[in-house]
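Predicted model only: the values in this text are computed from it and were never measured.
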Amino acid sequence: MEARTLELVFPEHTNPLGAAFGGFVLGLMDKVGSYAAARRAKRPVVTVAVGSVEFKVPIRTGDLLEVVARVVRVGRTSLTVEVEVYKERFGEGNQRVLATQGVLTYVAVNEKGEPVPVEAHAGTD
């Protein structure tokens with residue numbers, strides 16, 4: 001299961017040097033990662049862990065970001081999601097570059113916020 005979105009980096013997302021705040025990028029990763037997990041779980045999910053995150057190249061004001069999240073593992077109640085953030089700068093050949101990647105873990109929950117099992121899935125995630 002996959003989810004993706006596009007986001008433009010504005011000055012309020014960056015430090016005085018024009019580089020995106022890590023928290024801004026992590027927030028995008030968590031949001032899109034939760035979409036992929038919830039689609040696969042067919043129910044709400046909550047974030048339980050942010051694993052390794054690697055900021056490979058700077059993200060700057062004006063960059064267009066594509067955030068791509070894929071469910072890579074499904075446990076009894078948990079889902080592991082790999083998230084990649086690609087940046088693209090208009091006017092620079094529109095080259096798409098992997099800027100950040102990480103792994104996040106979510107747990108499926110019921111209306112009370114209690115963990116619940118994720119349905120078995122026929123086919124690929």
Side-chain angles (χ1 to χ4, degrees):
M1 189 62 55
E2 180 178 286
R4 61 180 61 221
T5 193
L6 296 173
E7 183 81 30
L8 190 61
V9 180
F10 289 98
E12 61 267 23
H13 303 137
T14 64
N15 65 26
L17 299 175
F21 289 117
F24 166 70
V25 177
L26 286 170
L28 292 174
M29 294 172 73
D30 187 25
K31 182 168 60 172
V32 180
S34 73
Y35 297 163
R39 289 176 84 184
R40 171 56 182 86
K42 297 182 178 79
R43 62 183 323 113
V45 298
V46 295
T47 309
V48 295
V50 177
S52 63
V53 174
E54 184 179 355
F55 296 92
K56 296 177 170 291
V57 296
I59 294 170
R60 305 252 179 233
T61 302
D63 285 344
L64 178 65
L65 304 182
E66 181 178 16
V67 185
V68 181
R70 290 180 193 86
V71 175
V72 295
R73 183 188 159 285
V74 177
R76 191 176 76 76
T77 62
S78 67
L79 302 101
T80 302
V81 179
E82 287 183 354
V83 183
E84 298 171 330
V85 180
Y86 295 90
K87 73 174 197 166
E88 186 175 337
R89 165 98 27 195
F90 297 120
E92 294 182 5
N94 292 14
Q95 184 180 11
R96 186 172 176 259
V97 176
L98 178 62
T100 307
Q101 66 185 112
V103 177
L104 293 90
T105 304
Y106 301 87
V107 167
V109 295
N110 63 17
E111 312 76 43
K112 297 177 185 175
E114 301 165 331
V116 294
V118 176
E119 292 179 21
H121 188 270
T124 59
D125 287 321

Original post:
Given Glu66 and Glu7, is the side-chain contact (heavy atoms from CB on, under 4.5 Å) satisfied, shown in steps?
Top reply: CA-CA 7 Å; Glu66 181 178 16; Glu7 183 81 30; over 6 Å; no
**OP:** I would like to know whether Leu79 and Thr105 meet side-chain contact (heavy atoms from CB on, under 4.5 Å); could you show each step before the answer?
**Re:** CA-CA 6 Å; Leu79 302 101; Thr105 304; over 6 Å; no
**OP:** In sequence, state the C-alpha distance, the side-chain angles, and the governing distance for Leu6 and Leu65, and then conclude on side-chain contact (heavy atoms from CB on, under 4.5 Å).
**Re:** CA-CA 6 Å; Leu6 296 173; Leu65 304 182; over 6 Å; no
**OP:** Any chance you could lay out the salt bridge (Lys or Arg N to Asp or Glu O under 4.0 Å) test for Glu88 and Arg96, step after step, and finish with the verdict?
**Re:** CA-CA 5 Å; Glu88 186 175 337; Arg96 186 172 176 259; 5.6 Å; no
**OP:** Before giving the answer on side-chain contact (heavy atoms from CB on, under 4.5 Å), spell out for Arg43 and Val109 the whole-Å C-alpha distance, their side-chain angles and the decisive distance to 0.1 Å.
**Re:** CA-CA 7 Å; Arg43 62 183 323 113; Val109 295; over 6 Å; no
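Rounding to the nearest 0.5 angstrom, the gap separating the CG atom in Leu8 from the CG atom in Leu64 is 6.0 Å. With rounding to the nearest 0.5 Å, the separation of OH in Tyr106 from OG in Ser34 is 5.5 Å.
Hydrophobic clustering of Ile, Leu, Val, Met, Phe, Trp and Tyr side chains at less than 4.5 Å, counting indirect connections, keeps Val68 apart from Met29. Val74 and Val103 fall into different hydrophobic clusters, where Ile, Leu, Val, Met, Phe, Trp and Tyr side chains are chained together by heavy-atom contacts under 4.5 Å. Placement of Phe21 and Phe55 within a single hydrophobic cluster is found when ILVMFWY residues are connected by side-chain heavy-atom separations under 4.5 Å, directly or transitively. Under the 4.5 Å side-chain heavy-atom criterion for grouping Ile, Leu, Val, Met, Phe, Trp and Tyr, Val50 is connected to Phe24 within one hydrophobic cluster. Under the 4.5 Å side-chain heavy-atom criterion for grouping Ile, Leu, Val, Met, Phe, Trp and Tyr, Val83 is connected to Leu26 within one hydrophobic cluster.
Val45 places none of its side-chain heavy atoms less than 4.5 Å from the side chain of Val107. The shortest distance between side-chain heavy atoms of Arg40 and Val118 falls below 4.5 Å.
Nearest heavy atom pair, residue Pro58 against residue Asp63, reads O-OD2, 4.3 Å. Listed here is the closest heavy atom pair of Ala69 and Ala36: O-CB, 3.8 Å. Shown here for Leu98 and Val57, the closest heavy-atom pair between the two residues is O-CG2, 4.0 Å. Smallest separation of non-hydrogen atoms from Ala37 and Val81: CB-CG2, 4.1 Å. In this structure, Ser78 and Arg73 approach most closely via the heavy-atom pair OG-NH1, 3.6 Å.
Here the options are Val85, Leu104, Val67, the test is side chain to side chain contact (heavy atoms under 4.5 Å, CB included), and the partner is Val32; only Val67 passes.
Between Glu2 and Arg70, at least one side-chain N (NZ, or NE/NH1/NH2) sits under 4.0 Å from a carboxylate O, which counts as a salt bridge.
A donor-acceptor contact under 3.5 angstrom links the side chains of Glu84 and Tyr86, judged on distance only.
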